[in-house]
Amino acid sequence: MKNETIYLSTILQQQFNRVGRVEHGSVALPGIMRSGSIGGPDTFNMGTMPSAQQQITMGQMHRGHMPPLSLAQQALMGTINTSMQAVQQAQADLGEVDNLPPLGQDMASRVWVQNKVDESKHEIHSQVDAITAGTASVVNLTAGDPTNTDYTAVGCAITTISSNLTEMSKGVKLLAALMEDEVGSGQNLMGAARSLTGAVSDLLRAVEPASGEPRQTVLTAAGSIGQASGDLLKQMGEGETDERFQDIMMNLAKAVANAAAMLVLKAKNVAQVAEDTVLQNRVITAATQCALSTSQLVACTKVVSPTISSPVCQEQLVEAGRLVERSVEGCVKACHASSEEGELLRQVNMAAGAVSQALSDLLQHVRHYASCGEPIGRYDQATDTIMTVTENIFTSMGDAGEMVRQARVLAQATSDLVNAMRSDAEAEIDVDNSKKLLAAAKLLADATARMVEAAKGAAAYPENEDQQQRLREAAEGLRVATNAAAQNAIKKKLIHRLENAAKQAAAAATQTIAAAQNAAASNKNTMSHQQLVFSCKAVADHIPQLVQGMRGSQAYPEDLGAQLALIIASQSFLQPGSKMVTSAKAAVPTVTDQAAAMQLGQCAKNLATCLAELRTAAQKAHEACGPLEIDSALSAVQTLKSELQDAKMATLEGQLKPLPGESLEKCAQDLGSTSKAVGSSMAQLLTCAAQGNEHYTGVAARETAQALRTLAQAARGVAASTVEPQAAAAMLDSACHVMEGSAMLIHEAHQALVCPGDAESQQRLAQVAKAVSHSLNNCVNCLPGQKDVDMALRSIGEASKKFLNCVNDPKNKFHLIISSQLAVASGKFSQDFDEFLDAGIEMAGHTQSKDDQIQVVGNLKNISMASSKLLLAAKSLSVDPGAANAKNLLAAAARAVTESINQLITLCTQQAPGQKECDNALRELEAVRGMLDNPNEPVSDLSYFDCIESVMENSKMNILDQTKTLFESALQMLYAAKEAGGNPKATHTHDAIAEAAQLMKEAVDDIMVTLNEAASEGGMVGGMVESIAESIGRMDEGTPPEPDGTFVDYQTTMVKFSKAIAITAQEMMTKSVTCPEELGGLASQVMVDYSQLAQQGRLAAATAEPEEVGSQIKTRVQELGHGCIYLVQKAGALQMSPTDSFTKRELIEYARAVTEKVSMVLSALQAGNKGTQACITAASSVSGIIADLDTTIMFASAGTLNAENEESFADHRENILKTAKALVEDTKLLVSGAASSQDKLAQAAQSSAKTITQLTDVVKLGAASMGSEDPETQVVLINAVRDVAKALAELISATKCAAGKAADDPSMYQLKSAAKVMVTNVTSLLKTVKAVEDEATRGTRALEATIECIKQELTVRNILLIHHACVCLFSTCSSFSFSHGHPYSTYHRPSDRLR
């Protein structure tokens, strides 16, 4: 054997199934010596092997080294293959632009082109946003160990990319066709789209689990998508305008990478000194992961940079930042665990801090753009501060120190605003604008001065409620002045917020539609799919209006009409959007493709959140812009008239062309149906105008304008599709007359609002309405074929006259009499048969099964034949009534008709919609029920302990039993529904259905609680966010239910839940640092409390007076809901990454914001119930008075209650009597205030609290004047006024409970009873005062009476008698002074003393 060189082979590749180090080994087998069969033994040379020689071969590894794919990876491969097919189809579709029909140059055509361009740009932009966000998501999700990768989420991101790419290709083809007029722009756009498609294809190949591509290939492909996305947006003029922002963002991302590189070097130094090989490898692995996550951050930044304005792209960049932070923390921990070298660890810590700081700078830069992407305006910050601080002052009533502190902040903010306004006035070129700014600044400065004076008063007298009330009123005045001074800035900010909300809502709706289309192929429930399709179509019809409103408002920021159009479009978008959310949620469980189902569910949740924000933004913008619907409607109708006149000019020139998608049949049908809608809306307009209701008149005018827009479009389409120019001109003329009359009608309706009872105005309104109705009829009569129908009707009328003349001929009289009844009956039968046959044919068309259709058609044929026989039998009997067996044949034929009809009805009942679905559902539930009844049978590949661990991780309560209960209730409901068969007349089954539905609802609620708790523990808060968003939306849904209680009842409940939310938010701040795993339960509690708060808030808003207060309550509650959504989202994010310091800071910020919004809710409630709040404050004051009196009694009992100066009880008697009388008057006002307005109740409560304070003060002074040597009398007197104070506290409480109640309410009787107790105690106090006064002044009054008697006796008596009287007098005085030292010495009980 020859000497051989043995090479050692080392394979370096991703190893998924085991962890270890590279090892050297021999690939040669030991030599075997065998005896040769021929030629004897061979000669062998012995020697030593040379050293191992290593060679590194770079490149793609062979798939033979790959481990087998898991089920999740196989599912991902299927998703990638499907997506690759969609990408290839999109690549093929982008070969040529759409072929549009020739368009005219009239105004409507130009508007259509511009609107289509805007809509296409918006849709493409939103789709590119989704593609880049999905790409970034793929990069983030595939960053870690493949064994821990969520392949379903990766599939969802890939599905999002492919589905949006498919829709984007359609939009690009249309936009390129519309941009053909611009040289080369259309083809450039198509080329950019093809480049993006190719980049997506490269990414899909790179992320295949079986591809074995290195990580850098994925990052490179992702970067190419970002570059191609930016080029595409630039080609269509939609690139990000702030390129400097993008440059700074990329530089900040590179700074993170540089800092991370330094950290890796420092970690390498630590690894070199580590003694333990295992710890050393951990440091190396952690440092490598840190470098990888940083490179992913840079790649993610490149991907989302062109679409950074999209919130979903911002979220992905933040997520990439979180991955970097986690890897940095892991690297630091590994270094500290492997070495104790202080200097090296200090360097590692410093490097890690530098990475964290660079990452913080990057994320703060992104968050700044997220806050609308614009710097804060000069007025915005000061205005926001003023609004917030005034709310804080309102909620701090009773705490003078806090009110004064807030007043200082308020004064500074208003000072800044005044200075800014004066500076702008000086720089203003327009003299009028400068004067306006100076006047507004002076108004604001004066209001600030009044507020400062009120704050000084509150600071000097902190216990004086009047001073606090003056400060509150001054703050309210300052708030009003701020609104007036900065109205334009505030309105601009609100409109900008609405524009952004509309943009995000339209984008979210576009994404949801794309997700619904992608999920259609795997949706196994036909009914839910159809509902989703219908809702998607309705939303798709509203998206253009929303986009046009947004673009118009952005293009004309000072145009009130454009702003109102945006508000109207936003409000109109809410209802169909909410329905699509509901349909999408209902369809998610029936979609078998997990990736498609996840995409649909995520899009639905995102749309629900966007709709909630759109609702609030539209409401606030509408409040700021004011009621301008009538003016806007009038302007819109006048614009429509101009467009129709322009179309007529194009018709006369032969240049009027139909728009794409228009046909004569479609436009004629639209015109006929829209004419009815116009008539209906105009009738509503007349009614509202006659009633003088401005709000509903504006709504009716808006709806009329919308219907007229559709009418004008239909009329133009009919004219453009009509061959005859005269007919087209006649149609446009009649439509112009409709617009002209409608404009006059809206104008007259506006005038009628000024004078609701003016008879002349009402008469003009009716005349104009009649003229418009006539114009509408003329417009409909101009439709093609209408004149032919009119001619046919005239011909029929003439033929009828001839027929009547023939009937009146005596020669035909006998036959007419004989055949009259048969003629009527046969005609009626023929008419009914036609209707029945049409219904049967329609039923056959709705039948999905071919066999069922054949049966229905066969039964219809049988009925037709039986009917023919019936008519023939009737005819025979009519000709010869005496013929044998003729009546029997007629009866048999009638029975045959009846039987055949019954057979058809039976068949249709069995094949009614829902019957088969019920049967299928019953079979499926029965099959699953067997699994629940036999839990020992395996249903998955998990082992026993894996199942136990899964159950313990995902559920607190017994979910198996709850699932079984749910299925049983579903079975019961389905059986009941099948029994009813959809027949509304089967009333005997309705109760069973209702009961079964209620049981199923309760079962669903129970299992949802369990699932929400389990989900919250894992950081999955999507359901909670959705629930809060639904609660926000329900506050705006139509008319609230009839309230069962009063505003006070709802206020009390709202205060409880509001405070509960605030407490939970504070606890979440604490738990975010100490115990993040408990945030899920707290977030769930926030959701539950807010749901109750919103429900009570809706009722409170309905019962609040005035209406402005109710509107404020609703707005504040909705704002709190948005704050709760953000807080819950951050709680979920922190649970998933407990060490994320950025998320912790954000959670703390949102928790504080929730606390502030709670205070605003409480402030709104207080504003809505001043009287009740005053009662609460007064009751608190009286409680303090009672405690103070208890302390005074303690001092009196100890004999230490003395007067500060020399004074007698008589000096205080008059004050006591006068104050007690005033308190009785306050009692009357309290009782009457309970049934009157809140203002009067507040005055009565404040007055009673003030009076009882004065009364207790003067009684205490009177008691002190009696001296400490008489403690028992002092105690009795103070006890008497204490009883009065206690009775007043009970009276105030009863008044608060009875406020707003009916006269026969039980609380009113309690109020009257409390008032009687109050009067009784005041009377008892007066008696006590009189008794004390009598005993204290007995000697003095006796002496005065005797002296008076002496004066009288001087004239009639002699000196002797006078002397005798004096002796008697001195004897009496001596006896009183020495024998009766204590006036109450003979009494032992207070009651005796009172006697």
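A pairwise comparison of heavy atoms in Cys603 and Ala515 identifies SG-CB, 3.9 Å as the closest pair. Listed here is the closest heavy atom pair of Leu546 and Ala505: CD2-CB, 4.5 Å. In terms of heavy-atom proximity, Glu613 sits nearest to Ala501 at CG-CB, 3.9 Å. Heavy-atom minimum distance, Ser305 versus Gln246: O-NE2, 3.4 Å. Between Leu196 and Met168, the shortest heavy-atom contact is CD2-SD, 3.7 Å. Among all heavy-atom pairs drawn from Ala143 and Leu323, the shortest one is CB-CD1, 4.4 Å.
By the 4.5 Å heavy-atom criterion applied to side chains, Val539 and Cys536 are not counted as neighbours. No side-chain heavy atom of Asp593 sits less than 4.5 Å from a side-chain heavy atom of Thr159. Here the side chains of Ile513 and Ile543 are in contact, with some heavy-atom distance below 4.5 Å. Contact check for Ser109 versus Lys657: no side-chain heavy atoms found under the 4.5 Å cut-off. In this structure, Asn606 and Gln602 have side chains that are not in contact, with every pair of non-hydrogen atoms separated by 4.5 Å or more. Residues Leu76 and Ile158 meet the side-chain proximity criterion, which asks for heavy atoms closer than 4.5 Å. Gln227 is not listed as a side-chain neighbour of Lys302, based on a closest heavy-atom distance of 4.5 Å or more. A heavy-atom distance below 4.5 Å is not found between the side chains of Gln73 and Met77.
Partner Ile124 forms a side-chain contact (heavy atoms from CB on, under 4.5 Å) with one of Asp129, Thr510, Asn164, Leu175 and no other, that one being Leu175.
At distances below 3.5 Å, not a single donor-acceptor pair connects side-chain atoms of Ser572 with backbone N or O atoms of Ala569. Panel note: side chain Arg194, backbone Leu94; a donor-acceptor pair is recorded below 3.5 Å. Without hydrogens or angle criteria, Tyr151 side chain to Gln74 main chain gives no donor-acceptor distance under 3.5 Å. Between the side chain of Arg551 and the main chain of Asn115, no donor-acceptor pair closer than 3.5 Å is present.
To the nearest 0.5 Å, the span separating CG on Leu297 from CG on Leu219 amounts to 11.0 Å. To the nearest 0.5 Å, atom CD of residue Gln296 and atom CD of residue Glu319 are 11.0 Å apart. Distance check, rounded to the nearest 0.5 Å: CD of Gln235 to CD of Gln187 gives 11.5 Å. A distance of 8.5 Å separates CZ of Phe573 from NE2 of His542, quoted to the nearest 0.5 Å. Distance check, rounded to the nearest 0.5 Å: CD of Gln88 to OG of Ser201 gives 6.5 Å. With values rounded to the nearest 0.5 angstrom, Asn518 atom CG is found 7.5 Å from Ser83 atom OG.
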| request: Using the side-chain contact (heavy atoms from CB on, under 4.5 Å) rule, take Gln1129 and Met1024 through it: C-alpha gap first, then chi angles, then the decisive distance, then the call. | output: CA-CA 9 Å; Gln1129 287 175 336; Met1024 301 180 194; over 6 Å; no
| task | Given side-chain hydrogen bond (donor to acceptor under 3.5 Å, both in side chains), test Asp93 with Gln89 step by step and report yes or no. | result | CA-CA 6 Å; Asp93 292 341; Gln89 183 63 46; 3.0 Å; yes
| said: Checking Ser163 against Gln599 for the side-chain hydrogen bond (donor to acceptor under 3.5 Å, both in side chains) test, could you report, in this order, the C-alpha distance in whole Å, the side-chain angles of both residues, the deciding distance, and whether it holds? | reply: CA-CA 10 Å; Ser163 60; Gln599 181 195 10; 3.0 Å; yes
| task | Under the side-chain contact (heavy atoms from CB on, under 4.5 Å) rule, what do Met250 and Thr301 come out as? Steps first, then yes or no, please. | result | CA-CA 7 Å; Met250 288 303 305; Thr301 306; 3.4 Å; yes
| query | Stepwise, does the side-chain contact (heavy atoms from CB on, under 4.5 Å) test hold for Gln511 with Cys610? | reply | CA-CA 12 Å; Gln511 296 302 309; Cys610 292; over 6 Å; no
| Between Asn525 and His529, is a side-chain hydrogen bond (donor to acceptor under 3.5 Å, both in side chains) present by the stated rule, with each step listed? | CA-CA 6 Å; Asn525 190 314; His529 172 66; over 6 Å; no
| field | Residue pair Leu203, Ile161: steps toward the side-chain contact (heavy atoms from CB on, under 4.5 Å) verdict | value | CA-CA 10 Å; Leu203 177 68; Ile161 295 172; 4.3 Å; yes
| task | Take Thr307 and Thr132 through the side-chain hydrogen bond (donor to acceptor under 3.5 Å, both in side chains) test and state the conclusion after the steps. | result | CA-CA 7 Å; Thr307 56; Thr132 54; 2.8 Å; yes
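A salt bridge links Asp202 to Arg205: at least one charged side-chain nitrogen sits closer than 4.0 Å to a carboxylate oxygen.
Atom CD of Gln594 has 12 or fewer neighbouring heavy atoms from other residues, nucleotides or ligands inside a 6.0 Å radius. Under a cut-off of 6.0 angstrom, the local environment of NZ in Lys579 is sparse, with at most 12 non-hydrogen atoms contributed by other residues, nucleotides or ligands. The number of heavy atoms from other shown groups lying within 6.0 Å of CD (Glu96) does not exceed 12. When the shell of 6.0 Å around CG of Asn99 is examined, it contains 12 or fewer heavy atoms from other residues, nucleotides or ligands. The number of heavy atoms from other shown groups lying within 6.0 Å of NZ (Lys121) is above 12.
Looking only at atom types and distance, the side chain of Gln85 has no donor-acceptor partner in the side chain of Asn81 under 3.5 Å away.
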